[in-house]
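Accompanying notes for the structure given below.
We name chains A, B, ... by the order of the sequence lines, and we start the count at 1 in each one.
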Amino acid sequence: MNGPETKVAPNFIRTIIAEDVKKGKNGGHVITRFPPEPNGYLHIGHAKSICLNFGLASEFGGQCNFRFDDTNPGKEEVEYVDSIMNDVRWLGFDWQERLYHASDYFERLYEWAVALIKSGKAYVDSLSAEQIREYRGTLTEPGKESPYRNRSVAENLELFERMRAGEYKDGEHVLRAKIDMGSPNLNLRDPVMYRIRHMAHWRTKDKWCIYPMYDYAHGQSDALEGITHSICTMEYEDHRALYDWFLDNIDVPSRPRQLEFARLNLAYTVMSKRKLLQLVKERFVAGWDDPRMPTLAGMRRRGYPPEAIRNFCERIGVGKRDSLVDYGLLEYSVREVLNLKAPRVMCVLRPLKVVIENYPEGQVEQLEAINNPEDASAGVRAVPFSKEIYIERDDFMENPPKHFFRLAPGREVRLRYAYFITCVDVVKNELGEVIELRCVYDPATRGGDSPDGRKVKATLHWVCASRAVEAQVRLYNTLLNRPDTSDETNGATFKDFINPNSLEVIADAKLEPSIARAPSGATYQFERLGYFCADPDSTSEKMVFNRTVTLRDTWAKVAKAEGVKKG
RNA sequence: UGGGGCGUCGCCAAGCGGUAAGGCACGGGUCUUUGGAAUCCGCAUUCGGAGGUUCGAAUCCUCCCGCCCCAGCCA
């Protein structure tokens, strides 16, 4: 697929793996894994990891396993399990039969813990959680050894066995690795391997009441699956010494290597599961799949194609430094895909009635419109036209500024695929607001071309008033009103910067009749406005559309630069 | 003031001792029945700073500055 000139941009992980393969390490094989914990929905940051892991595996002719990191039953739920698998498949990746769980290895991990006890490298500690924290020391002072650190192997064995048997309450004992309480790396100060949790696990049910910690479970799970490159985010860099310590002190079947990369931060949104959960629980959004959410479920409902997300993940690259990616890059990736695929259709969001005075009363004609100028195979459709139509309020200005090309008193413009019309009169209500336009059309311009070759500076979208279908349209803006809300130094939190205008609902947009019954999820370009997709909230009475992303809007840029006001 | 990372264009990001890729954004042109799309052109004498090594440094050395992560029986 990748020809010689479509070479992908190198990154340090790709480079390391290529070197390993070249040296024949791991027999030249590459096996990666995507290891989510089922404690929340997947978001665009996970997409980066998914694309990296599955992408690298396929690039090197290897495979990527799917593994639930389910070591903490207190936080994990099956609702998340289902959504996670669904989202990875939707993104376009397939783990075939290789669906694994850290909980598949509980028995093996337990045996290895026993072996570590026998070799004097692990012990049961009976300090309380607070005491363990005190004994751990601080960033600048070394820790102290627990008084239980030198229990005999026999005693440790018995205690650990009874921990498993359920003879102790939560928190009474833990199993710790015996490493070095004076290490400058806090992860090596006798890390906890097992804690007691009398709690059912979604898979193992009541079989266990002791559960392994991430640090103890992850590397060994990797080794059992023959993972060659275990790719994780930067915050685990300090854990690598521990990851390696376990692998060095346990008789594992293979030797994986941990590599760390920087997680994705996207402007105007948040990525942490904690914050996303807060948005859902505190009703700032309608749910995990709210189209404003950076979750894959939200983006799917918003209308972002999986291909666009994959392209975005390739474009942002992979590095080790903190970054904040411009939201515009994601939007560019979305438009790029949709431009080629989305059928065009006309919809008027904020209607302004236009009466064409010289058009025959009661006549309705069908005009031919191109479905997708980027794709001839998409064909054409018929759009009804008659004496009364709606145009966009923004497409008319009574006193147009210099660079406004659209309709104005006395001005002629084109109605897309229809006729040239000239505004001859403006009807206002008692408040002085424009409520209707009176225009005349030129019958010779049918279809939108003028036989005499005269030009017009603008083409407007429109909808036939008598045949229009009303639809609800939801317009989305950024969830947060500033790009970076991570600085909480003055007691501020991201919630202080939630954009109160992130959702704008248009109750009665006028839609051309051709998509009156569009299937949920179908994406269209509403000409001159943007890409929109049918929402599952649609009913047989009323369609609901989500604005996926606007089109690039040069006029908006000009208007802003010149300080043009609406109206 | 311990340890681990990181500093290349407004935002990402290549580069690994031979004289600064690419994408987005931005500015301008062409074309246009979407102010869309497409297309062309422009956009870092300089790589956090200061010294040093070298014929030659973003790349090597020294010192300095800045930012991120770590004190869960979370992952």
With P as the reference atom in both, quote the distance from B:C9 to B:A20 in angstrom, rounded to an integer. 16 Å
Find the distance A:Tyr268:OH to B:A25:C1' and express it as a whole number of Å. 13 Å
Round to a whole Å and report the spacing from CD1 of A:Ile370 to P of B:A37. 18 Å
Pick one: which of A:Asn72, A:Thr71, A:Asp70 meets side-chain contact (heavy atoms from CB on, under 4.5 Å) with A:Glu37? A:Asn72
Between B:U34 (P) and A:Trp462 (CH2): distance, integer Å: 15 Å
Report the distance from atom CZ of A:Arg240 to atom P of B:G3, rounded to the nearest whole Å. 17 Å
Between A:Arg416 (CZ) and B:G35 (C1'), how many Å, whole number? 13 Å
With A:Cys533 via side-chain contact (heavy atoms from CB on, under 4.5 Å) - residues at least two apart: A:Thr523, A:Asn546, A:Thr548
Using whole Å, what does the distance between atom C1' of nucleotide B:U34 and atom CG of A:Leu551 come to? 7 Å
Please determine whether salt bridge (charged side-chain N to carboxylate O under 4.0 Å, His left out) holds for the pair A:Glu225 and A:Arg67, giving the CA-CA distance in whole Å, both sets of side-chain angles, and the decisive distance to 0.1 Å. CA-CA 10 Å; A:Glu225 292 176 24; A:Arg67 180 166 79 229; 3.1 Å; yes
Between B:G23 (P) and A:Arg315 (CZ): distance, integer Å: 10 Å
Pair of N/O donor and acceptor under 3.5 Å linking B:G35 base with A:Arg406 side chain: yes
Return all side-chain donor-acceptor pairs below 3.5 angstrom for residues 263-272 of chain A, not counting sequence neighbours, or 'none' if the list is empty.
| unit_1 | atom_1 | unit_2 | atom_2 | d |
| --- | --- | --- | --- | --- |
| A:Arg263 | NH1 | A:Glu235 | OE2 | 2.8 |
| A:Asn265 | ND2 | A:Ser323 | O | 3.0 |
| A:Ser272 | OG | A:Lys275 | N | 3.0 |

Would you measure the distance from the C1' atom in B:U53 across to the matching atom in B:U62 and give it in whole Å? 11 Å
Provide the Watson-Crick or G-U wobble partner of B:C67, both distances under 3.5 Å; none if there is no partner. B:G5
Which residues pass the side-chain hydrogen bond (donor to acceptor under 3.5 Å, both in side chains) test with A:Asn311, not counting sequence neighbours? none
Residues that A:Lys48 engages under side-chain hydrogen bond (donor to acceptor under 3.5 Å, both in side chains), provided they are two or more places apart: none
Chi class for B:G72: syn within 90° of 0, otherwise anti: syn
Got a sec, which pairs hit ring pair (Phe, Tyr, Trp, His ring centres under 6.0 Å) with one end in residues 324-350 of chain A, sequence neighbours left out? none
Take atom P in B:G2 and the same atom in B:U59, then report the distance between them in whole Å. 26 Å
With rounding to whole Å, what would you report as the distance between B:A71 and B:G15 at their P atoms? 33 Å
With a cut-off of less than 4.0 Å, is there a side-chain N or O of A:Lys320 near OP1 or OP2 of B:G7? no
Measure from CD on A:Glu331 to C1' on B:C11 and round the result to the nearest Å. 14 Å
Between A:Gly448 and A:Tyr332, name the one whose nearest nucleotide on RNA chain B is closer to the 5' end. A:Tyr332
If you draw the axis of the six-membered ring of A:Trp208, does the NZ or CZ of A:Arg164 fall within 45° of it and under 6.0 Å from the ring centre? yes
Look at the side-chain N and O atoms of A:Arg552 and state whether any lies under 4.0 Å from the OP1 or OP2 oxygen of B:A37. yes
Between N or O atoms, less than 3.5 Å apart, protein on one side and nucleotides 14-16 of chain B on the other: list the pairs.
| unit_1 | atom_1 | unit_2 | atom_2 | d |
| --- | --- | --- | --- | --- |
| B:A14 | OP1 | A:Val318 | O | 3.2 |

Run the side-chain hydrogen bond (donor to acceptor under 3.5 Å, both in side chains) test against A:Arg274 and tell me which residues pass, sequence neighbours left out. none
Can you sort out the partners of A:His239 under ring pair (Phe, Tyr, Trp, His ring centres under 6.0 Å), two or more places apart, ordered by chain and number? A:Tyr236
Nucleotides 64-75 of chain B: protein proximity per nucleotide (B base, S sugar-phosphate only, - neither; heavy atom, under 4.0 Å): ----SBBBSBBB
So, OP1 or OP2 of B:G36: does either fall under 4.0 Å of a side-chain N or O from A:Thr554? yes
